[in-house]
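Below: one structure, written as structure tokens.
A, B, ... follow the sequence lines: proteins, then strands. Residue 1 opens every chain. Quantities reported herein were computed from a predicted structural model and do not represent experimental measurements.
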Protein chains: 2
Amino acid sequence: MTQLQRRRIPDAAVTRLPVYLQILNNLHATNVLRFSSDELAALAGVNAAKVRKDLSYLGSYGTRGVGYEVTYLIHQIKRELGLLREWNVVVVGAGNLGCALAKFGGFAPRGFPVVGIVDNDPKKIGQTTGSLTVGDVRNLAKMVRDLKVAIGAITTSTATAQSAVDALIDAGVTSILNFAPIVLATPSSVSVRNVDLGVELQILSYYEQMRTEQTEVAKIQTKSSTVSV
Amino acid sequence: MTQLQRRRIPDAAVTRLPVYLQILNNLHATNVLRFSSDELAALAGVNAAKVRKDLSYLGSYGTRGVGYEVTYLIHQIKRELGLLREWNVVVVGAGNLGCALAKFGGFAPRGFPVVGIVDNDPKKIGQTTGSLTVGDVRNLAKMVRDLKVAIGAITTSTATAQSAVDALIDAGVTSILNFAPIVLATPSSVSVRNVDLGVELQILSYYEQMRTEQTEVAKIQTKSSTVSV
DNA sequence: ATGCCTTCGTGCATAATTTCACAAGGTCTC
DNA sequence: GAGACCTTGTGAAATTATGCACGAAGGCAT
Ligand SMILES: NC(=O)c1ccc[n+]([C@@H]2O[C@H](COP(=O)([O-])OP(=O)(O)OC[C@H]3O[C@@H](n4cnc5c(N)ncnc54)[C@H](O)[C@@H]3O)[C@@H](O)[C@H]2O)c1
Ligand SMILES: NC(=O)c1ccc[n+]([C@@H]2O[C@H](COP(=O)([O-])OP(=O)(O)OC[C@H]3O[C@@H](n4cnc5c(N)ncnc54)[C@H](O)[C@@H]3O)[C@@H](O)[C@H]2O)c1
């Protein structure tokens, strides 16, 4: 077994690198040249040691006593995340959300141009949304090949999301961004990220309820003078 | 210190409970009465022991040798997540995304009715989107009070997201769903969930690049007959 | 009733992640 | 160029999460 493979970055760190990158891009835009782990930690809302450890997975690119160079670190994070090239995205499902994504201009500048959108509804096929014409989902494989699609976004109805992802995988796509509130069945060789607003709201609800209960407990404790167990 | 507070559920488990709930709702809709941890694990794409442990945080609601009752578990998860009541949502920023959320009918049935939407652009204020009229962001505090808003969704431009969240927190909102690609500064007493598609795409890009490099290494290894270290 | 069969609940080992703490290695001033 | 002063990079400890393995507990057939 040759150990040529890149040093693996822990999953938890991978999810934070894009956040750091965002912040560094902002710093760059405001002409900041250098930053310390403390500063980045404050901006990212995390621990400074965590920042240093995360950045150390990229290599030793800091200078002791000084900090890190903004532009250099931006380059290194991009390299590690695979952002020195573009990754083409196809949207499957030209409904409300799918069309919003296709129209949204915020992805192409970040290296993820939306190069196609498809649907299975004859009424949708042929319509234009943003600068794209809705294609037929039956041509997905050809589209993936011709347009060098790397990532598929699932914005179909929930009921058809599984068949949509099956079609994407058949077409050779191995990275999926899923907006349908369903757990997709996929081989382990495929990456799936789920964006489920319902789930997010329910998580918020849990912590909100915790806080509510806690303040209620506090109130009760205040009223009944000295109750202790 | 009285130990009246509810047994704390680990964060990792909290993020999975909504997923289980989704699946159980589907099972319920297809008239399934019971399930085993193995079955739910397969549907959720996780380990069966993890399912049992997660469900055990709710209490001992399974029957050994049999499994769990769908409707009963649905109730218990809802109770724990705080879904036995509704949590009203206000959307701040009536642009593309904000209006899409306001129009989307999928949240109210899940217990999160969108009761208001506001903007700071005079041209937007007064327009109707879905069944709502866009209000003035300056009336946010009154709105939160009158409509008993529990959760705020930030869909403003990135530059104004921080002031929008400040306004929400001033108004007494302690749960935030943030769609702007920025790390918000908030007191620790406020919960924030970030939904950043750019981040998701970049995470996918990392793993996609890993796979690409791996297959390239494999190819090289195949070509150069026996290279070993 | 007895015994077999199934599946839960959980103690415990392992793995992953976070955090601490500090030596190492730099810059900057005088 | 010596010393004061910073901030990184990273072992090691602490915390959190995962997964195994098995006893406990119930149903069901005979
Ligand atoms: N709209 C929102 O704000 C929002 C928010 C959160 C989640 N979602 C989720 O996103 C998904 C899409 O939502 P939407 O509001 O855009 O729904 P929609 O009904 O407007 O759009 C779905 C589109 O997918 C197409 N489609 C269905 N099956 C297909 C298939 N097999 N191949 C190709 N196209 C197919 C339909 O023809 C339709 O055009 C849903 O799962 C929804 O739950 C939407
Ligand atoms: N549209 C998408 O598909 C999409 C996808 C991913 C992320 N986002 C993010 O979501 C956010 C909104 O995107 P969008 O496309 O809807 O933008 P948009 O420009 O269409 O809408 C922003 C709206 O917010 C309003 N606004 C600005 N400052 C405000 C304030 N302080 N108070 C109240 N309202 C205010 C503006 O008047 C405008 O109506 C952006 O941060 C964007 O990056 C959007």
Side-chain angles (χ1 to χ4, degrees), chain A residues 7-20 23-24 27 32-77 80 183 188 203 206-207 210, chain B residues 7-20 23-24 27 32-77 80 183 188 203 206-207 210:
Chain A
R7 178 182 39 269
R8 228 192 119 68
I9 299 184
D11 287 353
V14 171
T15 66
R16 283 186 298 266
L17 287 176
V19 177
Y20 300 152
I23 294 169
L24 295 187
L27 290 181
V32 175
L33 300 180
R34 290 209 284 232
F35 67 97
S36 69
S37 60
D38 264 324
E39 289 163 352
L40 180 52
L43 292 171
V46 303
N47 182 292
K50 194 188 278 182
V51 167
R52 289 200 295 277
K53 189 147 283 190
D54 287 345
L55 295 184
S56 78
Y57 296 125
L58 310 174
S60 287
Y61 298 132
T63 307
R64 294 172 188 217
V66 177
Y68 305 84
E69 248 186 76
V70 172
T71 54
Y72 192 63
L73 247 287
I74 286 177
H75 179 79
Q76 292 303 332
I77 295 179
E80 195 67 36
V183 179
S188 62
I203 294 169
Y206 172 79
Y207 291 106
M210 291 290 278
Chain B
R7 171 184 14 94
R8 229 193 120 67
I9 298 183
D11 287 352
V14 171
T15 66
R16 284 187 295 266
L17 287 176
V19 177
Y20 300 153
I23 294 168
L24 295 187
L27 290 181
V32 175
L33 300 179
R34 289 209 284 233
F35 67 97
S36 68
S37 59
D38 265 323
E39 288 163 352
L40 179 52
L43 292 171
V46 302
N47 182 291
K50 194 188 279 180
V51 167
R52 289 199 296 277
K53 189 152 285 190
D54 287 345
L55 295 184
S56 78
Y57 296 124
L58 310 174
S60 288
Y61 298 132
T63 307
R64 297 174 186 215
V66 178
Y68 303 85
E69 248 186 78
V70 173
T71 54
Y72 192 63
L73 248 287
I74 287 177
H75 179 79
Q76 292 303 331
I77 295 179
E80 194 68 36
V183 179
S188 64
I203 294 170
Y206 172 79
Y207 292 106
M210 291 291 278

### Query
Does Tyr72(A) reach the side chain of Arg34(A), with side-chain heavy atoms less than 4.5 Å apart?
no
### Message
I want to verify a distance call: between dT27(C), dT17(C), dT8(D), whose nearest atom is closest to the Thr63(A) side chain?
### Response
dT27(C)
### Query
Should Arg16(B) be listed as having a side-chain N or O under 4.0 Å from OP1 or OP2 of dT18(D)?
yes
#### Entry: Listed nucleotide nearest any side-chain atom of Ala49(A), set dC28(C), dC20(C), dT10(C)
dC20(C)
### Query
Across the strands shown, which category fits Asp38(A) at heavy-atom distances under 4.0 angstrom: base, sugar-phosphate, nothing?
nothing
### Task
Could you check how far CZ of Arg52(A) sits from C1' of dA23(C), rounded to whole Å?
13 Å
### Query
Between Val14(B) and Tyr57(B), is any pair of side-chain heavy atoms under 4.5 Å apart?
no
### Query
Under the side chain to side chain contact (heavy atoms under 4.5 Å, CB included) criterion, do Tyr61(A) and Ile77(A) qualify, and how do the steps go?
CA-CA 11 Å; Tyr61(A) 298 132; Ile77(A) 295 179; over 6 Å; no
## Note on the structure
Taking dT18(D), dT17(C), dT8(D) as options, the one with an atom nearest any side-chain atom of Tyr68(A) is dT8(D)
### Query
How long is the line joining CG of Leu73(A) and P of dT8(D), in whole Å?
10 Å
### d(NZ, Lys50(B); P, dC12(C)) in whole Å
22 Å
### Query
Considering only heavy atoms from C-beta outward, does the side chain of Tyr68(A) approach that of Leu40(A) to under 4.5 Å?
no
### Message
Check this one for me: any side-chain N or O of Tyr61(A) less than 4.0 Å away from OP1 or OP2 of dT7(D)?
### Response
no
### Query
Given dC8(C), is OP1 or OP2 found less than 4.0 Å from the side-chain N or O atoms of Ser37(B)?
yes
### Task
Look at the side chain of Ser60(A) and decide which nucleotide, out of dT10(D), dT7(C), dC28(C), has an atom nearest to it.
dT10(D)
### Summary
Side-chain atoms of Arg64(B) come closest, of dG26(C), dC20(D), dC8(C), to dC8(C)
### Query
For residues Asp11(A) and Tyr206(B), is any side-chain donor paired with an opposing acceptor at under 3.5 Å?
no
### Message
How many whole angstroms separate atom CG of Asp11(A) from atom P of dT18(D)?
### Response
11 Å
### Task
Take the protein atom OH of Tyr57(A) and the nucleotide atom P of dG9(D), then report the distance between them rounded to whole Å.
13 Å
## Note on the structure
Result for 5'-nearest mapping on DNA chain D, choosing between Val46(B) and Arg34(B), is Val46(B)
#### Entry: Whole angstrom value for the distance that separates P of dT8(D) from CG of Asp54(A)
13 Å
### Message
Heavy atoms from C-beta onward define the side chain here; which of dA21(C), dT7(D), dT10(C) lies closest to that of Lys53(B)?
### Response
dT10(C)
### Message
Tell me the interatomic distance from Asn47(A), atom CG, to dT15(D), atom P, rounded to whole angstroms.
### Response
14 Å
### Summary
Per nearest nucleotide of DNA chain C, the residue lying toward the 5' end, Ala13(A) or Gly65(A), is Ala13(A)
